[in-house]
Asker: 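Structure provided below as structure tokens; questions to follow.
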Amino acid sequence: MELITDITAMRSWCAAARRAGGRIALVPTMGYFHAGHLALMDRARSLADRVVVSLFVNPLQFGPTEDLDRYPRDLERDQRLAGERGVDVLFAPAVETMYPSETATRVVVGELGTRLCGASRPGHFDGVATVVAKLFHIVGPDVAVFGEKDFQQLVILRRMAADLDFPVTIVGHPVVREPDGLAMSSRNTYLSPEERRRAAAISRGLRRARELVAGGERRVEAIATAVEAVLTDAGLRSEYVAVVDSATLAPQHKVTQRSRLLVAAWAGATRLIDNCALTPSGEVIAP
Ligand code: PAF
């Protein structure tokens with residue numbers, strides 16, 4: 001596996017891969033790989049001839065009081081893990097490479113980026129969309145793979161690709177979970193043992209919601225109240241529990257075949273998110 005840190009070198013590598021007739025898959029990440037990232041790499045490998053994984057902790061998507069400085073980083077370990085997974089290139093540019101001077105231009109996401117996670121993280125999705133647009137321009141992938149754990153991000157990036165005519169297929173990959181149901185996240189490393197134990201209540205809340213829907217409940221308010229109760233009983237502080245249309249993120253009052261349940265909750269000082277489909281006809285699958 002090659003490690004590339006320079007934009008021109010990355011462009012040349014991609015141009016050569018395309019000339020050789022290869023389809024390129026991109027997996028954008030912020031590194032500190034866990035099983036969720038490795039699953040995205042495997043999915044990318046199944047979709048293309050060449051797999052590029054980007055590793056960039058993007059300052060633009062962190063608010064002034066957020067965890068940019070303490071975000072976990074381990075390039076050596078990430079390089080080893082990506083290499084073992086059959087990734088062709090790890091693209092790991094420095095901040096000065098991606099943002100050489102004070103940048104003026106942003107991708108502005110609009111209303112989709114102001115709701116749910118965007119309500120407490122102003123500017124976050126503009127930062128995500130801006131860096132992903134830059135990565136799409138640098139790599140020119142045929143397909144890009146993102147985790148469904150960041151469901152709002154996935155919907156926003158699909159929309160950005162459509163609105164800005166990026167010739168890329170966006171693929172969402174299902175959430176990968178710890179044995180107790182907690183969604184894999186680099187931020188799980190912030191949790192104390194006690195918070196880690198409590199954090200499993202988020203996936204229990206999702207499961208409770210699916211059970212209610214399987215039992216015939218369709219009222220979003222009743223479902224949200226039940227999920228909040230699971231979170232609160234475990235000592236978590238819920239930020240939002242929302243049922244939205246999975247394509248548009250529009251809030252719903254009644255569950256439909258397109259419903260998605262999205263949760264953000266705090267375990268101590270750590271903000272965790274998770275989500276699952278809420279399909280009336282679907283059986284109850286442990287989220
Ligand atoms: O999901 C992430 O890790 C980041 O938001 C992304 C898509 C790599 C953009 O920085």
Side-chain angles (χ1 to χ4, degrees), residues 4-5 7 10 25-41 43-44 51-63 66-75 77-78 81-82 85 87 89-95 97-99 103 106-109 112-113 116-118 120-139 141 143-161 164 166 168-176 183-190 249 262 264 270-275:
I4 297 182
T5 56
I7 291 177
M10 189 68 249
L26 171 67
V27 182
T29 80
M30 299 207 299
Y32 212 70
F33 297 151
H34 49 64
H37 294 111
L38 304 183
L40 300 184
M41 295 175 202
R43 182 73 181 272
V51 176
V52 176
V53 173
S54 65
L55 189 173
F56 181 63
V57 183
N58 172 36
L60 276 194
Q61 68 188 75
F62 288 79
E66 291 183 1
D67 54 344
L68 174 62
D69 292 336
R70 69 180 190 120
Y71 196 84
R73 293 164 169 89
D74 190 342
L75 178 60
R77 176 176 163 278
D78 285 349
L81 290 173
R85 223 64 193 186
V87 167
V89 173
L90 186 64
F91 176 52
V95 172
T97 304
M98 289 297 271
Y99 304 119
T103 55
R106 297 277 187 282
V107 175
V108 177
V109 166
L112 270 186
L116 302 163
C117 290
S120 65
R121 306 189 70 190
H124 167 71
F125 289 110
D126 292 353
V128 170
T130 302
V131 81
V132 172
K134 283 168 71 74
L135 291 167
F136 284 178
H137 283 308
I138 295 165
V139 173
V143 54
V145 185
F146 296 90
E148 282 185 352
K149 203 210 87 193
D150 297 294
F151 195 80
Q152 184 176 14
Q153 167 174 284
L154 177 63
V155 171
I156 285 172
L157 293 175
R158 274 192 210 287
R159 185 63 190 267
M160 178 192 78
L164 300 184
F166 283 100
V168 61
T169 303
I170 307 274
V171 171
H173 191 77
V175 181
V176 177
M184 298 253 180
S185 165
S186 305
R187 289 190 166 102
N188 293 349
T189 54
Y190 299 155
L249 299 180
L262 272 61
T270 303
R271 185 175 180 280
L272 300 168
I273 57 173
D274 203 347
N275 68 87

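Counting convention: from 1, in listed order, for ligands and their atoms alike. Quick caveat: nothing in here was measured; it's all calculated off a predicted structure.
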Asker: Could you tell me which residues satisfy ring-ring contact (aromatic ring centres under 6.0 Å, His included) with Phe62, sequence neighbours excluded, listed by chain and number?
Answerer: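 By the ring-ring contact (aromatic ring centres under 6.0 Å, His included) rule, Phe62 matches Tyr71.
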
Asker: Show me which atoms of ligand 1 lie under 4.0 Å from any heavy atom of Val131.
Answerer: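 Close to Val131: 9 (C), 10 (O).
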
Asker: Could you tell me which atoms of ligand 1, counted from 1 in the order shown, lie closer than 4.0 angstrom to a heavy atom of Pro28?
Answerer: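 That gives atoms 8 (C) of ligand 1.
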
Asker: Of all the non-hydrogen atoms in the protein, which one sits nearest to atom 3 (O) of ligand 1, and at what distance?
Answerer: Met30 CG, 3.5 Å

Asker: Closer than 3.5 angstrom, by distance alone: can the side chain of Gln152 be matched with the main-chain N or O of Cys117 as a donor-acceptor pair?
Answerer: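 Yes, because the side chain of Gln152 sits within donor-acceptor range (under 3.5 Å) of the backbone of Cys117.
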
Asker: Counting each atom of ligand 1 from 1 as listed, which ones have a heavy atom of Thr29 under 4.0 Å away?
Answerer: 8 (C)

Asker: Can a donor-acceptor pair be found, under 3.5 Å and without considering hydrogens, that links the side chain of Thr5 to the backbone of Ala92?
Answerer: no

Asker: To check your reading of the model: name the closest protein heavy atom to atom 10 (O) of ligand 1, its residue, and the distance in Å.
Answerer: Gln61 OE1, 2.6 Å

Asker: Quick test: of every protein heavy atom, which one is nearest to atom 1 (O) of ligand 1, and how far off is it to 0.1 Å?
Answerer: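 Going by distance alone, atom 1 (O) of ligand 1 is nearest to Gln153 NE2, 2.8 Å.
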
Asker: Pairs under 3.5 angstrom only: tabulate donor-acceptor contacts from the side chains of residues 29-41 to other protein residues two or more places apart or in another chain.
Answerer:
unit_1, atom_1, unit_2, atom_2, d
Thr29, OG1, Gly31, N, 3.1
Thr29, OG1, Ser54, O, 2.7
His34, ND1, Gly36, N, 3.0
His37, ND1, His34, N, 3.0

Asker: Counting only heavy atoms from other residues, nucleotides and ligands, does the tally under 6.0 Å from CZ of Arg159 exceed 12?
Answerer: no

